[in-house]
Student: 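Please read through the structure below; I'll follow up with questions.
A quick note: this is a predicted structure, and the numbers were derived from the prediction, not measured. Chain naming here is simple, since letters A, B, ... match the order of the sequence lines and numbering starts at 1 in each.
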Protein chains: 2
Amino acid sequence: MADTPGVTEPTLEEQIAAYQREFQDLDPQVEKIVSALSRLNRRMNVAYGRQTAALGISNADWEVLKALVLSGAPYRMGPSDLAKRLGLTPAAMTHRIDRMVTEGLVTRERDEANRVRVIVELTTDGREKWLEAMRLATVFEEDLLQDLSADERTALGEVLTRLLRRVEHAQPDAGGRLTDLE
Amino acid sequence: MADTPGVTEPTLEEQIAAYQREFQDLDPQVEKIVSALSRLNRRMNVAYGRQTAALGISNADWEVLKALVLSGAPYRMGPSDLAKRLGLTPAAMTHRIDRMVTEGLVTRERDEANRVRVIVELTTDGREKWLEAMRLATVFEEDLLQDLSADERTALGEVLTRLLRRVEHAQPDAGGRLTDLE
DNA sequence: GCTTCGAACTTTAGCTTTGAAGTCTTCAGA
DNA sequence: TCTGAAGACTTCAAAGCTAAAGTTCGAAGC
């Protein structure tokens, strides 16, 4: 339904024209970058969602698998660490883990060394699902970037990380303006 | 909580190193672009959310206001058109409109010409909230891009729209590979 | 004119997430 | 040892979403 064929989304150009009509003080160059970033990200997430769904797991499951795998062997984390890593509340993490345990993607057990803690561990099946998802994702990503030369890819990566650093190392003040922290 | 100070998110470089450790067939250059895109978008959404919250409206409200304003005067749309435009189900739209009517951002009335239809119309207050949000957003966006020269901005906009066109005009096949439609 | 179909919206049930309250475990101090 | 406090997780209630069923209105066919 989010991708029903008949949906009439304006093109990027039409949207920017509408912005300029309704809001005079707009830099179309800036708006083009921001809108394209946002749309691109949305489309990519739809694509990832389709791929993980084909593997029988949800996008939510995929996020958890990713965090566990990237934590490195033996692929164990506590629920609160996972929650912080994914930007969820501990309560949501509890429910997600419930689901994933019944799906056989992870196991949950008490830490006998400190019985307040819980250990969530990736199962072999969970790890294989992640690898499978990664294979699909890399094919998609390579296709997405296929029209870009090696130089263009380098430049794009450099510019994006520069922007990222600017957002990560700065905090907007009350007016929304970014101010450097260091 | 999603932006608690003590959260230990790995840097982009650390994350890519972890990917390579766990998944050999990975092009770090591609991963860098994709990960940076995703992170950048997430950070920007957090920033927009903070700004709209400061105006007393939710991010969901903002999306609806945006769709109505961009539709042009007299700023009217039907619930199903709004739902399609935002990628929601009609049911979700019904509830959102309920909320926004009580907040005074829009009005809802039956179309007397065709009583099956409903007309959602932006109020003056709703339009002003959107303008205020746009002012904050443009300040943030200009600050975000301040380190980029005019040439760099042009190049970035061009590359992003090229990628966007590739995702929008192509559909992944069963294996996730993008194939051109025309 | 009556009936049936379809379109547009609303309602209902179920799921996921959040915020707040509750439970259990550990640790430090009396 | 006992008590209090803090930490880690779970439970509960409420909000927002989806899918599916229900309602209402309009239009086409008999």
Student: Starting at atom CD of B/Glu103, determine the distance to atom C1' of D/dG16, rounded to an integer number of angstrom.
Tutor: 13 Å
Student: Is any side-chain heavy atom of A/Glu152 closer than 4.5 Å to one of B/Arg162?
Tutor: yes
Student: Mind calculating the distance between CD1 (A/Ile97) and P (C/dC15) to the nearest angstrom?
Tutor: 19 Å
Student: C/dT17, D/dT18, C/dT10: which one has an atom nearest the side-chain heavy atoms of A/Arg99?
Tutor: C/dT17
Student: In whole angstroms, how far is the P atom of C/dT26 from the CG atom of A/Asn114?
Tutor: 6 Å
Student: Check each of B/Gln20, B/Glu9, B/Lys32, B/Arg39 against B/Gln15 using the side chain to side chain donor-acceptor pair (under 3.5 Å) test, and report the only one that passes.
Tutor: B/Arg39
Student: B/Arg117 CZ to C/dT10 C1': how many Å, rounded?
Tutor: 16 Å
Student: Whole angstroms only, please: what is the CE-P distance between A/Met93 and C/dT17?
Tutor: 9 Å
Student: Would you say C/dT17 has OP1 or OP2 under 4.0 Å from some side-chain N or O of A/Arg96?
Tutor: yes
Student: What's the closest nucleotide to the side chain of B/His95 if the choices are C/dT12, C/dT17, D/dG26?
Tutor: C/dT12
Student: Tell me whether the OP1 or OP2 atom of D/dT24 has a side-chain N or O from B/Arg110 closer than 4.0 Å.
Tutor: no
Student: Using the closest heavy atom to pick a nucleotide of DNA chain C for each, name whichever of A/Ala60 or A/Glu112 lands nearer the 5' end.
Tutor: A/Ala60
Student: Measure from the side chain of B/Thr94, starting at C-beta and using heavy atoms only, and say which of C/dT11, D/dC12, C/dG19 lies closest.
Tutor: C/dT11
Student: Rounding to a whole Å, what distance do you find between B/Met77:CE and C/dA8:P?
Tutor: 13 Å
Student: Less than 4.0 Å between a side-chain N and a carboxylate O, is that true for A/Arg166 and B/Glu142?
Tutor: no
Student: Could you state the CG-P distance from B/Asp98 to D/dG16, rounded to the nearest angstrom?
Tutor: 11 Å
Student: Looking only at the side chain of B/Val116 (C-beta and beyond, no hydrogens), which of the listed nucleotides D/dT18, C/dT17, C/dA7 gets closest?
Tutor: C/dA7
Student: Identify whether the distance between the nearest side-chain nitrogen and carboxylate oxygen of A/Glu132 and A/Lys129 falls below 4.0 Å.
Tutor: no
Student: Over 60° means perpendicular and under 30° means parallel, so tell me whether B/Trp62 and B/Tyr48 are parallel, tilted or perpendicular.
Tutor: tilted
Student: Side chain of A/Pro90: nearest nucleotide among D/dT10, C/dT25, D/dC17?
Tutor: D/dT10
Student: Could you tell me how far apart B/Arg108 (CZ) and C/dA8 (C1') are, to the nearest whole angstrom?
Tutor: 13 Å
Student: Return the nearest nucleotide to the side chain of A/Ala91; candidates are D/dC17, C/dT26, C/dG19.
Tutor: C/dG19
